[in-house]
Amino acid sequence: MVWLRREDHEDRELRWLSPWATQSCNAGPRRLAEADDPLRTPFQRDRDRILHASSFRRMQHKTQVMAAFEGDHFRSRMTHSLEVAQMGRGVARALRCNDDLAEAIALAHDLGHPPFGHVGEEALHEAMRDHGGFRHNAQGARTVDYLEDRYGHGLGLNLTLAVRTSLLKGRIPDGFPVSDDLLIDGAKQPVPIEADLVDQCDKIAYLSHDLDDGLRANLFAEEEAAELSLWRDAVASCGSTNRQRIVSEITSLLIHDLVATVDEALAKAPAGGKYPRIRHSDPVVVQAQELLAFLRKRFYHAPSVLTVMQDGAQRIGTLFEKLVADPSQLPEHIRGRIERDGIERTICDYIAGMTDRFLIRASS
Ligand code: MG
């Protein structure tokens, strides 16, 4: 037989992956036990479920930085997630970690993002101030665990524990509803190394593509970006003055530095313990901070960007109040969740799932 079965992929993982990697056979349980797939490992199956989820498709029309309706070439949450997935796979593979797991985590890492980016997130958190708050990471775990209901068993996509714990990163607001099995004595469980690799790839992706999108939106000039130390290094190493070429060289520099730095740290780390901190080398940390500070000032906080975001945030606050005052305006399948989740959390879930354009229609 020449075709590859799940067992063949798992055998290959055992022979090929580093001792720091997460083997498919250690994916942890699903909340509802399922028979193994004959062709795919548990992580490949999780990845496929995420890709087919409706919350994944909705990311196409959710803001990354430039509102999703402002231009055809700006990143949306979906294209951002695809870029993170590609980098995550590449970095995981280079370090002999599990690239299927990295891909699954990357595709799902922003599923919980509300419309209108971080400003929308703050507006929803404010609306939920007395009801358990809101954070996009925690909402991502809630999305795959509960809100995605295509199988009708109430357990969301029924993903493996390794993927679910990886999605629950960052601070969880007090009182935010999280599945009990994701916490041990109220604390988060340790995450697989692939989760931390994807987290760094998320940063690499947004630093480079936001630089690209900011230039594309004419919010700053190439001469200003050329002051950045990473830009200068990229020009020197690629020998080109082409903007696109320079931006992709910046991505390469960041990826290669991450792989080399993590590889060195792993080689020095005592076997069998917790993997060392996943980070860039010191000089690149400084360069990345410089780029982030530049983007904050010239892109994320640019008046033309903020105006659109603040309008979105205001719509979120107003729509939230309107629906709390009159829940009969909620679609019937959403109203059905009020009894279990309470009115505020139900409305919060509903708004968090909206695309930018759906929110605008719903609030006009
Ligand atoms: Mg992201």
Side-chain angles (χ1 to χ4, degrees), residues 46-47 50-51 53 55-68 73-92 99 101-125 134-144 148 159 163-172 188 191-214 247 250-251 254-255 258 278-280 288-289 291-293 295-296 299-301 305 309 312 352-356:
D46 283 358
R47 173 204 58 204
I50 291 160
L51 191 78
S55 51
F56 184 81
R57 289 194 294 280
R58 273 179 275 134
M59 288 201 294
Q60 186 176 3
H61 299 290
K62 285 188 178 197
T63 290
Q64 179 66 25
V65 177
M66 294 300 288
H73 295 106
F74 297 118
R75 270 73 175 185
S76 66
R77 280 281 154 213
M78 183 190 276
T79 54
H80 162 69
S81 300
L82 294 172
E83 290 182 28
V84 178
Q86 189 186 31
M87 290 176 197
R89 271 196 315 264
V91 166
D99 55 340
L101 173 57
E103 186 178 14
I105 297 168
L107 291 175
H109 87 282
D110 269 351
L111 286 181
H113 239 297
F116 292 102
H118 287 285
V119 183
E121 177 172 36
E122 282 159 28
L124 217 40
H125 182 57
F134 180 84
R135 285 279 292 192
H136 80 272
N137 292 320
Q139 185 71 11
R142 180 169 169 80
T143 304
V144 300
E148 280 291 340
L159 304 179
V163 172
R164 295 171 56 231
T165 50
S166 300
L167 297 180
L168 193 67
K169 59 188 174 91
R171 198 175 56 77
I172 307 168
K188 282 185 288 182
V191 296
I193 188 171
E194 288 82 359
D196 282 340
L197 293 174
V198 169
D199 207 27
Q200 290 300 320
C201 291
D202 181 23
K203 293 193 182 101
I204 297 174
Y206 71 67
L207 285 174
S208 18
H209 67 47
D210 289 350
L211 185 60
D212 190 35
D213 280 359
V247 172
I250 289 177
T251 314
L254 290 170
I255 297 262
L258 180 67
I278 301 300
R279 64 193 296 276
H280 283 284
Q289 278 165 350
L291 173 52
L292 181 62
L295 289 171
R296 276 213 182 103
F299 191 24
Y300 309 148
H301 297 163
V305 172
M309 295 300 122
M354 291 181 180
T355 61
D356 296 1

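Both ligands and their constituent atoms are indexed starting at 1 by order of listing.
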Inset, instruction - For residues His136 and His118, determine if any side-chain heavy atom of one lies less than 4.5 Å from a side-chain heavy atom of the other. - result: yes
Legend entry - Asp213 side chain reached by Phe299 side chain, heavy atoms, under 4.5 Å: yes
Inset, instruction - Just the protein N/O/S atoms under 2.8 Å from the Mg ion (ligand 1), please, no waters. - result: His80 NE2, His109 NE2, Asp110 OD2, Asp202 OD1
Inset, instruction - Check for a donor-acceptor pair, side chain of Glu148 on one end and backbone N or O of Ser55 on the other, with a separation under 3.5 Å. - result: yes
Inset, instruction - Ignoring hydrogens and angles, tell me if any N or O in the side chain of Asp356 forms a donor-acceptor pair with the backbone of Phe116 under 3.5 Å. - result: yes
Inset, instruction - Under the ring pair (Phe, Tyr, Trp, His ring centres under 6.0 Å) rule, collect the residues that match up with His73, sequence neighbours excluded. - result: none
Legend entry - Short side-chain to backbone donor-acceptor contact, His125 and Phe134, under 3.5 Å: yes
